[in-house]
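First the structure, in the form of structure tokens, and then the observations on it.
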Amino acid sequence: MSAGHAPAAAVERASRAATVEVRSLAHRYGSRLALEPQTFRLESGITAVTGANGSGKSTLLRIIAGLLRPSEGEVRVTVDGRDLEPGERRGSIGLATPELSFYEEMTAFENLEFAAEAHGLAAPARAAREALERVGLAQRADDRVGALSSGMRQRVRLAFASLGGPPLLLLDEPGSHLDDEGRATLERWIALVAPRTLVVLATNDEREWRLAERRIQLRGRDLGHPA
């Protein structure tokens, strides 16, 4: 991928409208508060979720994705006007987190093709190739994930999130381990999809949260979970 241009395959296919509505949402791990009560509504563009370590950034994204049931309150995720139950959200949400791992003995392409098949995409091989091209890894598609640098693994996570052009992207520390070229690629991709994709970034990196049109500041600190 050249420094100044996004590849043709970078054009996302997502055209579905997504919204996220959070009402009095809070979460505890045992007796410890992990996320202080939150209420907000997101309809479009880029939103950054910031806050000190332990304030609940990752916890919030997990709840929105349907991976974690909140202790209090509710989250409504709507796509094209239809509410999605937590178990239905996987097909409409692209999620990239630092914990996301891959089969190290498989290539980057093989991992993403497998994920595309699991997502039920019509052309898994094409989806995997396009996702790798979006993040500048087309030339490393046939490298084993176990042989990739930490920055390249992070690009694979971002490629995974982009599979199928989901209408909602949840990116937890998306610039982690990325060099300057990787960050430039990340910024171009986010700018490209933002007009038709709801993007939520969990980050304390000013270079990332300044990409957002809206910022949600979590006030808690060291609430009991490293999120």
Side-chain angles (χ1 to χ4, degrees), residues 1 6-16 18 20 58-68 77 79-80 84-178 182 185-186 188-190 192-194 196-203:
M1 180 184 298
V11 178
E12 298 281 357
R13 295 186 178 85
S15 58
R16 297 172 292 166
V20 173
S58 297
T59 296
L60 177 60
L61 263 60
R62 292 188 190 107
I63 293 173
I64 293 173
L67 301 177
L68 183 65
V77 175
V79 174
D80 285 343
L84 301 181
E85 295 297 325
E88 300 179 290
R89 293 175 191 170
R90 186 179 71 168
S92 298
I93 294 178
L95 175 66
T97 73
E99 295 78 23
L100 179 61
S101 60
F102 301 95
Y103 295 105
E104 295 203 348
E105 294 305 312
M106 293 169 60
T107 67
F109 169 77
E110 289 169 340
N111 270 281
L112 292 184
E113 184 183 33
F114 178 77
E117 290 175 351
H119 277 71
L121 299 184
R126 183 179 68 186
R129 294 287 182 191
E130 291 181 353
L132 288 167
E133 188 174 354
R134 276 191 284 273
V135 298
L137 281 186
Q139 302 303 314
R140 307 299 296 269
D142 297 323
D143 288 8
R144 290 188 306 105
V145 166
L148 296 178
S149 68
S150 57
M152 289 183 179
R153 290 190 191 202
Q154 179 63 12
R155 293 198 194 199
V156 178
R157 293 186 185 99
L158 297 173
F160 171 84
S162 80
L163 283 169
L168 173 58
L169 281 171
L170 304 177
L171 307 179
D172 192 357
E173 300 182 16
S176 177
H177 302 297
L178 294 182
T185 299
L186 171 66
R188 287 196 300 272
W189 172 49
I190 290 176
L192 184 69
V193 302
R196 52 193 173 278
T197 306
L198 178 56
V199 182
V200 182
L201 311 172
T203 181

If I compare all heavy atoms of Ala161 with all of Leu169, which pair ends up nearest, and what's the gap?
O-CD2, 3.5 Å
Main chain of Ile64, side chain of Arg89: is a donor-acceptor contact present, judged purely on distance under 3.5 Å?
yes
Once you round to the nearest 0.5 Å, how far does CG of Leu84 lie from CZ of Arg90?
13.5 Å
Once you round to the nearest 0.5 Å, how far does CZ of Arg155 lie from OG1 of Thr185?
4.5 Å
Please identify each residue that fulfils side-chain hydrogen bond (donor to acceptor under 3.5 Å, both in side chains) with Glu117, with sequence neighbours left out.
none
Determine, step by step, whether Leu192 and Arg188 satisfy the side-chain contact (heavy atoms from CB on, under 4.5 Å) criterion, reporting the C-alpha distance in whole Å, the side-chain angles of both residues, the deciding distance to 0.1 Å, and the verdict.
CA-CA 6 Å; Leu192 184 69; Arg188 287 196 300 272; over 6 Å; no
Val200 side chain reached by Leu60 side chain, heavy atoms, under 4.5 Å:
no
Should Phe102 and Glu110 be marked as a side-chain contact (heavy atoms from CB on, under 4.5 Å) after you check the CA-CA gap, both sets of side-chain angles, and the distance that decides it?
CA-CA 10 Å; Phe102 301 95; Glu110 289 169 340; over 6 Å; no
Looking at every non-hydrogen atom in both residues, tell me the closest pair between Leu132 and Ala141 and how far apart they are.
CD1-CB, 3.7 Å
Starting at CD of Gln139, measure out to CD of Glu133 and round the result to the nearest 0.5 Å.
9.5 Å
Has Arg140 got a side-chain atom pairing as donor or acceptor with Leu148's backbone, closer than 3.5 angstrom?
no
Taking it one step at a time, do Val135 and Ser162 satisfy side-chain contact (heavy atoms from CB on, under 4.5 Å)?
CA-CA 9 Å; Val135 298; Ser162 80; 5.6 Å; no
Under 4.0 Å between a side-chain nitrogen and a carboxylate oxygen: does that hold for Glu173 and Arg157?
no
Minimum heavy-atom separation for Ile93 to Ala65, with atom names?
CD1-CA, 3.8 Å
Does the Arg134 side chain pair with the main chain of Ala159, one donor and one acceptor, at a distance under 3.5 Å?
no
Could you walk me through whether Leu95 and Leu67 pass the side-chain contact (heavy atoms from CB on, under 4.5 Å) test, one step at a time?
CA-CA 11 Å; Leu95 175 66; Leu67 301 177; 3.5 Å; yes
With side chains defined as the heavy atoms from C-beta onward, is the minimum distance between Pro166 and Thr197 less than 4.5 Å?
no
Measuring from atom CD of Gln154 to atom CG of Leu100, what distance do you get when rounded to the nearest 0.5 angstrom?
9.0 Å
Heavy-atom side-chain contact between Pro174 and Leu201 under 4.5 Å:
yes
N-O pairing of Arg144 and Glu104 below 4.0 Å:
no
Nearest 0.5 Å please: distance from the CG atom of Leu121 over to the CD atom of Glu113.
11.0 Å
Could you check whether any side-chain heavy atom of Val79 comes within less than 4.5 Å of a side-chain heavy atom of Leu168, counting everything from C-beta outward?
no
Measuring only between side-chain heavy atoms, which start at C-beta, is Thr97 closer than 4.5 Å to Leu61?
no
Output the distance between atom CH2 (Trp189) and atom CG (Leu171), rounded to the nearest 0.5 Å.
5.0 Å
Leu158 versus Leu178: any side-chain heavy-atom pair under 4.5 Å?
yes
Between Phe109 and Ala125, which heavy-atom pair has the shortest distance, and what is it?
CE1-O, 3.5 Å
Hey, are the side chains of Val145 and Met106 touching, using non-hydrogen atoms and a 4.5 Å cut-off?
no
Contact summary for Ala18 and Leu198, nearest pair of heavy atoms:
O-CD2, 3.7 Å
